[in-house]
Amino acid sequence: MNFALTLCISLLLDAILGDPMSFPHSVKLIGNLITFLKSKLFTDTHSFIRGLVLCSLTLIVTGLAVSFILFTTDCNILVQIYLLYSAIAWRDLKDETMPAVFALMNQDIEASRKFLSRVVGRDTDKLNETEITRAIIETIAENSIDGIISVMFYAALGYAFNHSYGMAVFVWVFKAASTLDSMIGYEHYHEFGKASARLDDILNFIPARLGGLIIILAGIFTGHDVKHALRVFIHDRKKHKSPNSAHSESAFAGVLCVRLGGGAYYDGIFESRPYINECADNPKISDVFSAYELLDVSCSLFTFMLIFFTWIIY
């Protein structure tokens with residue numbers, strides 16, 4: 001199997017078709033598995049151990065299921081392309097955020113809040129135009145890592161581990177970990193979700209830092225002040241309770257010269273957060289389209305880098 005061919009076709013399918021909603025989506029199947037296990041394991045007693053069991057079972061079942069599919073299809077390249085294509089959320093990230101952008105451009109702030117509520121965890125019912133715009137750019141920045149760059153990173157790592165099985169297995173074990181974090185890794189689940197949250201932090205540790213640098217490098221191709229972006233990245237990349245999120249957010253804020261971060265309401269409770277690139281202006285709607293451009297250039301650049309390095313090595 002050729003890594004470059006598989007990756008490029010998968011990305012092309014994602015660009016043309018977007019998320020494969022007409023099929024049983026693998027992420028939804030993983031979500032159903034997590035929901036089932038949670039109904040059996042979630043209690044207030046021994047919650048960390050039970051959460052660790054849920055996390056382990058989800059990863060094992062996902063890895064075995066993908067391995068079984070590959071084994072029964074003799075590692076068919078079309079199957080591998082589909083498995084990688086369905087894991088990448090490049091176009092989906094834009095498709096999910098654009099309705100909120102267009103509603104805001106049409107001065108329909110209520111519709112924009114409604115669309116935004118589908119893709120962010122914060123309360124959106126009282127956000128103003130600036131806060132909505134900031135939330136959209138932060139969503140693009142954060143999901144550029146775990147939805148695209150991390151997926152390609154683990155595809156390359158899996159390919160290096162095993163040319164036949166590794167790419168799809170590594171990618172979907174990572175996607176399972178990411179789904180675990182989004183479903184039970186937040187504060188509502190406390191100890192029960194701690195293992196899932198920490199695993200997601202570990203798996204995104206390298207891609208987040210690598211992605212931040214790639215985003216800054218992409219600023220060269222989009223005509224931005226890369227020296228300024230690098231200063232913001234170095235200064236603000238740890239301004240988040242998550243060890244990974246602020247790396248991409250600070251890179252986007254630095255390249256686009258906008259202020260991100262700040263507090264927000266979550267389930268009616270205000271959560272204070274520091275600003276990223278605090279001295280910059282608040283983002284405008286036009287900055288969202290610059291963020292889309294930066295997303296495309298960053299991910300394209302990372303794709304070429306992965307293909308080049310795998311070509312050199314193999």
Whether the side chain of Asp19 engages the backbone of Asp92 through a donor-acceptor N/O pair (distance < 3.5 Å, no angle test) should be reported.
no

Is any side-chain N of the basic residue among Lys241 and Glu271 closer than 4.0 Å to the acidic one's carboxylate O?
yes

Ignoring hydrogens and geometry, is there a side-chain-to-backbone donor-acceptor pair from Tyr85 to Gly18 under 3.5 Å?
yes

Taken to the nearest 0.5 Å, the spacing of Leu295 CG from Ile215 CD1 works out to 8.0 Å

Check whether Asp181 reaches the backbone of Asp200 with its side chain - one donor and one acceptor, N or O, closer than 3.5 Å.
no

Full working for side chain to side chain contact (heavy atoms under 4.5 Å, CB included) between Val61 and Leu37:
CA-CA 12 Å; Val61 170; Leu37 292 174; over 6 Å; no

So do Tyr292 and Met98 actually touch side chain to side chain, heavy atoms under 4.5 Å?
yes

Would you find more than 12 non-hydrogen atoms of other residues, nucleotides or ligands less than 6.0 Å from Phe71 atom CZ?
no

Report yes if the side chains of Thr179 and Ile34 come closer than 4.5 Å at any heavy-atom pair, otherwise no.
yes

If I compare all heavy atoms of Ile216 with all of Ala251, which pair ends up nearest, and what's the gap?
CG1-CB, 4.1 Å

Kindly give the heavy-atom pair with the smallest separation between Asn143 and Asp146, and that separation in Å.
CA-OD1, 3.3 Å

Between His240 and Ser242, does any side-chain donor sit less than 3.5 Å from a side-chain acceptor?
no

Parallel under 30°, tilted from 30 to 60°, perpendicular over 60°: which one fits the rings of Phe308 and Trp311?
tilted

What I'd like to find out is whether the side chain of His228 reaches to under 4.5 Å of the side chain of His224, using heavy atoms alone.
no

Option passing ring pair (Phe, Tyr, Trp, His ring centres under 6.0 Å) with Tyr159 (candidates Phe309, Phe3, Tyr165):
Phe3

Donor-acceptor pair, side chain of Asp74 and main chain of Asn76, under 3.5 angstrom
no

Using 0.5 Å steps for rounding, measure from the NZ atom of Lys284 to the CD1 atom of Ile137.
9.0 Å

Would you say the side chain of Val169 lies within less than 4.5 Å of the side chain of Leu70, judging by non-hydrogen atoms?
yes

Considering all heavy atoms of both residues, which atom of Ala100 and which atom of Ile136 are nearest to each other, and what is their separation?
CB-CD1, 4.0 Å

Which value, rounded to the nearest 0.5 Å, describes the distance between Asn244 atom CG and Phe205 atom CZ?
7.0 Å

Under the 3.5 angstrom rule, does the side chain of Ser112 hit a backbone N or O of Asp108 as a donor-acceptor pair?
no

Is there a side chain to side chain contact (heavy atoms under 4.5 Å, CB included) between Val27 and Trp172? Walk through the geometry before answering.
CA-CA 9 Å; Val27 171; Trp172 277 103; 3.7 Å; yes

Side chain to side chain contact (heavy atoms under 4.5 Å, CB included) test vs Ile132 passes for just one of Val120, Ile109, Thr124, namely Ile109

Please report the C-alpha distance between Leu180 and Leu59 in whole Å, then the side-chain angles of each, then the deciding distance to 0.1 Å, and finally whether the side chain to side chain contact (heavy atoms under 4.5 Å, CB included) criterion is met.
CA-CA 9 Å; Leu180 280 162; Leu59 298 179; 4.3 Å; yes

Determine whether a donor-acceptor pair (N or O, by modelled atom type, separation under 3.5 Å) exists between the side chain of Thr133 and the backbone of Ile285.
no

Give, for atom CG of Leu52 and atom CG of Leu41, the distance between the pair rounded to the nearest 0.5 Å.
10.5 Å

May I ask you to check if Arg113 and Phe115 form a cation-pi contact, with NZ or CZ under 6.0 angstrom from the six-membered ring centre and within 45° of the axis?
no

Does any part of the side chain of Cys55, heavy atoms only, come nearer than 4.5 Å to the side chain of Leu199, both counted from C-beta?
yes

Atom pair CG/CZ of Asn277 and Arg231 - distance to nearest 0.5 Å:
10.0 Å

Side chain to side chain contact (heavy atoms under 4.5 Å, CB included), that's the test. Do Val258 and Phe252 meet it? Break it down for me.
CA-CA 8 Å; Val258 297; Phe252 266 80; over 6 Å; no

Applying the 4.5 Å side-chain criterion to the ILVMFWY set and letting contacts propagate, would Ile140 and Val297 be lumped into a single cluster?
yes

Report yes if some heavy atom in the side chain of Met305 is under 4.5 Å from a heavy atom in the side chain of Leu217; otherwise report no.
yes

Residues, nucleotides or ligands: over 12 heavy atoms within 6.0 Å of Phe304 CZ
no

Among Arg259, Arg273, Arg122, find the residue that satisfies the salt bridge (Lys or Arg N to Asp or Glu O under 4.0 Å) test when tested with Glu138.
Arg122

Between Thr73 (side chain only) and Ile69 (backbone N and O only), is there a donor and an acceptor less than 3.5 Å apart?
yes

Here the gap from Ile276 atom CD1 to Ser248 atom OG, rounded to the nearest 0.5 Å, amounts to 8.5 Å

Is there a path of hydrophobic side-chain contacts, each under 4.5 Å between heavy atoms of I, L, V, M, F, W or Y residues, that connects Leu210 with Ile313?
yes

Tell me whether Val66 is reachable from Leu64 by hopping between hydrophobic residues (I, L, V, M, F, W, Y) whose side-chain heavy atoms are closer than 4.5 Å.
no

Distance-only, no hydrogens or angles: does the Asn162 side chain make a donor-acceptor pair with backbone N or O of Ser164 under 3.5 Å?
yes

Would Leu213 end up clustered with Leu294 when hydrophobic side chains under 4.5 Å apart are linked, directly or stepwise?
yes

Under 4.5 Å between side-chain heavy atoms, counting indirect links through other Ile/Leu/Val/Met/Phe/Trp/Tyr residues: same cluster for Leu230 and Phe221 or not?
yes

Going by atom types alone, do Ser150 and Asn204 pair a side-chain donor with an acceptor below 3.5 Å?
yes

Ile88 and Leu13, any side-chain heavy atoms less than 4.5 Å apart:
no

Is any side-chain heavy atom of Ile148 closer than 4.5 Å to one of Met152?
yes

NZ/NE/NH1/NH2 to OD/OE distance under 4.0 Å, Glu96 and Lys94:
no

For the residue pair Ile149 and Cys299, what are the closest heavy atoms and their distance?
CG1-SG, 4.4 Å

Pairing residues for Phe161 by the ring-ring contact (aromatic ring centres under 6.0 Å, His included) criterion, not counting sequence neighbours
Phe170

Taking the basic N atoms (NZ, or NE/NH1/NH2) and the acidic carboxylate oxygens, is any pair closer than 4.0 Å for Arg134 and Glu131?
no

Does Leu12 CG have over 12 foreign heavy atoms under 6.0 Å away?
yes

Can you tell me if Asp236 uses its side chain to pair, donor with acceptor, with the backbone of Lys239 under 3.5 Å?
no

Provide the closest heavy-atom pair for Ser250 versus Val232 in the form atom of the first, atom of the second, distance.
O-CG1, 3.6 Å

Are the side chain of Lys175 and the backbone of Ala87 linked by a donor-acceptor contact shorter than 3.5 Å?
yes

With under 30° as parallel and over 60° as perpendicular, where do the rings of Phe233 and His247 fit, or are they tilted in between?
perpendicular

Nearest heavy-atom approach of Ser47 to Glu191 is OG-CB, 3.2 Å

